[in-house]
Undergrad: 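Can you read through this structure? Questions will come right after.
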Amino acid sequence: MNVSVVIAEDDALLRNLLTTLLAQEEGLEVVGSAASGAECLDTVRQLRPRVLLLDLHLPGMSGLKVMEALEPGGEGPLTLVLSGSEDEETQLQAARSGARGFLPKSQAATVLARAIRSVAEGEVWFSRRVSERIFQEYHQLARRTREQDKPLNQLSEREREVLICVARGMTNSQIAADLYMSVHTVKVHIQSILRKLNLPNRVEAAVYAVREGLVAAEDSAS
């Protein structure tokens, strides 16, 4: 089955050249083209190509805006960005907007078909340095997500303070006096802490606080 391609490029000469180049490639079929952002959206939604070859600087709507408009449905084409710039930040911006690859126009004549096939097969097409930075950003995002998913992060700031006091072995009365609240409020906070951390009692809560480094951090600041 041929890989269907839509070309979105406002330069008519370049658009025709790209179409001619791809017409010579077995397994690739240009099913449509567009000269503006709005026309690109209409063409893609009508023809549903496998790959969208997208210029970043389209009149009326930038390529980045086009990708944002196509993203919500999750059934859009795999986008290979075509740009006159080789700047790394531009490539990263394209990747963050959903592009699966980035091809400088200076390289189009030599690797266009290979880049399209790679993207169509589910691979990415970025420079090595940019690919490394994308991986680093993904790793950092995954780590932040894991941190946010920790039960500890479900506690309010006040509940953290109460948990620290519990870990120090303070009684409810001592915690109330230290944090300027009633004993009843302390009990409410402790019950909430146990529920959020899925712990059976305050002893386990104290152990959890020590394991997570809350008490050590607090003591070092005192």
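For reference, positions follow the sequence shown, starting with 1. As the structure is a computational prediction, the values presented were derived from the model and not from experiment.
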Undergrad: My understanding is that only one of Q93, M67, Q91 makes a side-chain contact (heavy atoms from CB on, under 4.5 Å) with V81; could you say which?
TA: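 Answer after filtering Q93, M67, Q91: M67.
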Undergrad: Would you please name every residue forming a side chain to side chain contact (heavy atoms under 4.5 Å, CB included) with R15, sequence neighbours left out?
TA: I7, E9, A12, S33, A35
Undergrad: Checking I190 against N172 for the side-chain contact (heavy atoms from CB on, under 4.5 Å) test, could you report, in this order, the C-alpha distance in whole Å, the side-chain angles of both residues, the deciding distance, and whether it holds?
TA: CA-CA 9 Å; I190 291 176; N172 287 354; 3.3 Å; yes
Undergrad: Has K105 got more than 12 heavy atoms of other residues, nucleotides or ligands less than 6.0 Å from its NZ?
TA: yes
Undergrad: Around atom CZ of R211, are there more than 12 heavy atoms of other residues, nucleotides or ligands at under 6.0 Å?
TA: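 Atom CZ in R211 is crowded, with more than 12 foreign heavy atoms closer than 6.0 Å.
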Undergrad: Look only at the side chain of N2 and the backbone of S4, and say whether a donor-acceptor pair between them is shorter than 3.5 Å.
TA: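 Answer holds: no.
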Undergrad: Please check: side-chain N/O of D55 versus main-chain N/O of L58, any donor-acceptor pairing under 3.5 Å?
TA: no
Undergrad: Taking all non-hydrogen atoms of both residues into account, name the closest pair between F126 and A95 and its distance.
TA: CZ-CB, 3.8 Å
Undergrad: More than 12 foreign heavy atoms under 6.0 Å from CG of N198: is that the case here?
TA: no
Undergrad: So which atom in W125 and which in L103 form the shortest heavy-atom distance, rounded to 0.1 Å?
TA: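 Smallest interatomic distance, heavy atoms only, reads NE1-CD1, 3.9 Å.
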Undergrad: Decide yes or no on side-chain contact (heavy atoms from CB on, under 4.5 Å) for L41 and M61, but give the supporting numbers first.
TA: CA-CA 10 Å; L41 288 179; M61 180 186 295; 3.7 Å; yes
Undergrad: Can you list the steps and then say if S97 with E68 is a side-chain hydrogen bond (donor to acceptor under 3.5 Å, both in side chains)?
TA: CA-CA 6 Å; S97 297; E68 290 174 6; 4.6 Å; no
Undergrad: Is V6 reachable from L17 through a run of hydrophobic residues whose side-chain heavy atoms are each under 4.5 Å from the next?
TA: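 No; V6 is not reachable from L17 via cluster members.
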Undergrad: Let me check something: do V124 and V119 share a hydrophobic cluster, defined by ILVMFWY side-chain heavy atoms less than 4.5 Å apart, either directly or through other members?
TA: no
Undergrad: Backbone N or O of V188 within a donor-acceptor pair of the S192 side chain at under 3.5 Å?
TA: no
Undergrad: Out of curiosity, L92 CG to R129 CZ, how far, rounded to the nearest 0.5 Å?
TA: 10.0 Å
Undergrad: I'd like to know if the side chain of T185 and the backbone of M181 have a donor-acceptor N/O pair within less than 3.5 Å.
TA: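 A pair under 3.5 Å: no.
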Undergrad: What is the minimum heavy-atom distance between A108 and L112, and which atoms define it?
TA: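 That closest heavy-atom pairing would be O-CB, 2.9 Å.
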Undergrad: Quick one: do E161 and R158 make a salt bridge, cutoff under 4.0 Å?
TA: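 Salt bridge: yes.
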Undergrad: About how many Å separate CG of L197 and CG of L163, when rounded to the nearest 0.5 Å?
TA: 6.5 Å
Undergrad: Report yes or no: does K196 contribute a side-chain atom to a donor-acceptor pair with the main-chain N or O of L155 at less than 3.5 Å?
TA: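 No; zero donor-acceptor contacts below 3.5 Å.
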Undergrad: Heavy-atom distance under 4.5 Å between the side chains of T171 and Q174, does that happen here?
TA: yes
Undergrad: Return the CG to CZ distance between L80 and F102, rounded to the nearest 0.5 Å.
TA: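 Between atom CG of L80 and atom CZ of F102 there are 9.5 Å.
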Undergrad: Do R202 and V166 make a side-chain contact, defined as non-hydrogen atoms from C-beta onward lying under 4.5 Å apart?
TA: yes
Undergrad: At their closest point, which heavy atom of P59 faces which heavy atom of S36, and how far apart are they?
TA: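 In terms of heavy atoms, the two residues are closest at O-CB, 3.6 Å.
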Undergrad: Do side-chain atoms of R50 reach the backbone of L78 as a donor and acceptor pair under 3.5 angstrom?
TA: no
Undergrad: Determine, using the 4.5 Å side-chain heavy-atom cutoff (strictly less than), whether V5 and L70 are members of one ILVMFWY cluster.
TA: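 Each belongs to a different hydrophobic cluster.
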Undergrad: Return the minimal non-hydrogen interatomic distance between D10 and H57, and the atom names on each side.
TA: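 Answer, listing the atom of D10 first, then H57: OD1-O, 3.8 Å.
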Undergrad: Supply the atom-to-atom distance C165 SG to L179 CG, rounded to the nearest 0.5 angstrom.
TA: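 Going from SG on C165 over to CG on L179, the span is 4.5 Å.
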Undergrad: Nearest 0.5 Å, what's the CG-CG distance between L82 and L53?
TA: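 If I round to the nearest 0.5 Å, the distance is 5.0 Å.
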Undergrad: Suppose we screen for side chain to side chain contact (heavy atoms under 4.5 Å, CB included). Which residues come up paired with L28, at least two apart in sequence or across chains?
TA: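 Residues passing side chain to side chain contact (heavy atoms under 4.5 Å, CB included) with L28: V3, L22, E25, A113, I116, R117.
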Undergrad: Provide the closest heavy-atom pair for P77 versus V51 in the form atom of the first, atom of the second, distance.
TA: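 Shortest heavy-atom separation between P77 and V51 comes out as CB-C, 4.2 Å.
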Undergrad: Just verifying a value: how many Å separate L54 CG and L56 CG, rounded to the nearest 0.5 Å?
TA: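 Answer for the CG-CG pair, L54 versus L56, is 6.5 Å.
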Undergrad: Does the side chain of V183 come within less than 4.5 Å of K187's, by heavy atoms?
TA: yes
Undergrad: State, with a plain yes or no, whether a side-chain heavy atom of T43 is found less than 4.5 Å away from one of V31.
TA: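 The answer is no, as the side chains (C-beta and beyond) never meet within the 4.5 Å cut-off.
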Undergrad: Taking E204 for its side chain and N201 for its backbone only, find out whether a donor-acceptor pair lies under 3.5 Å.
TA: no
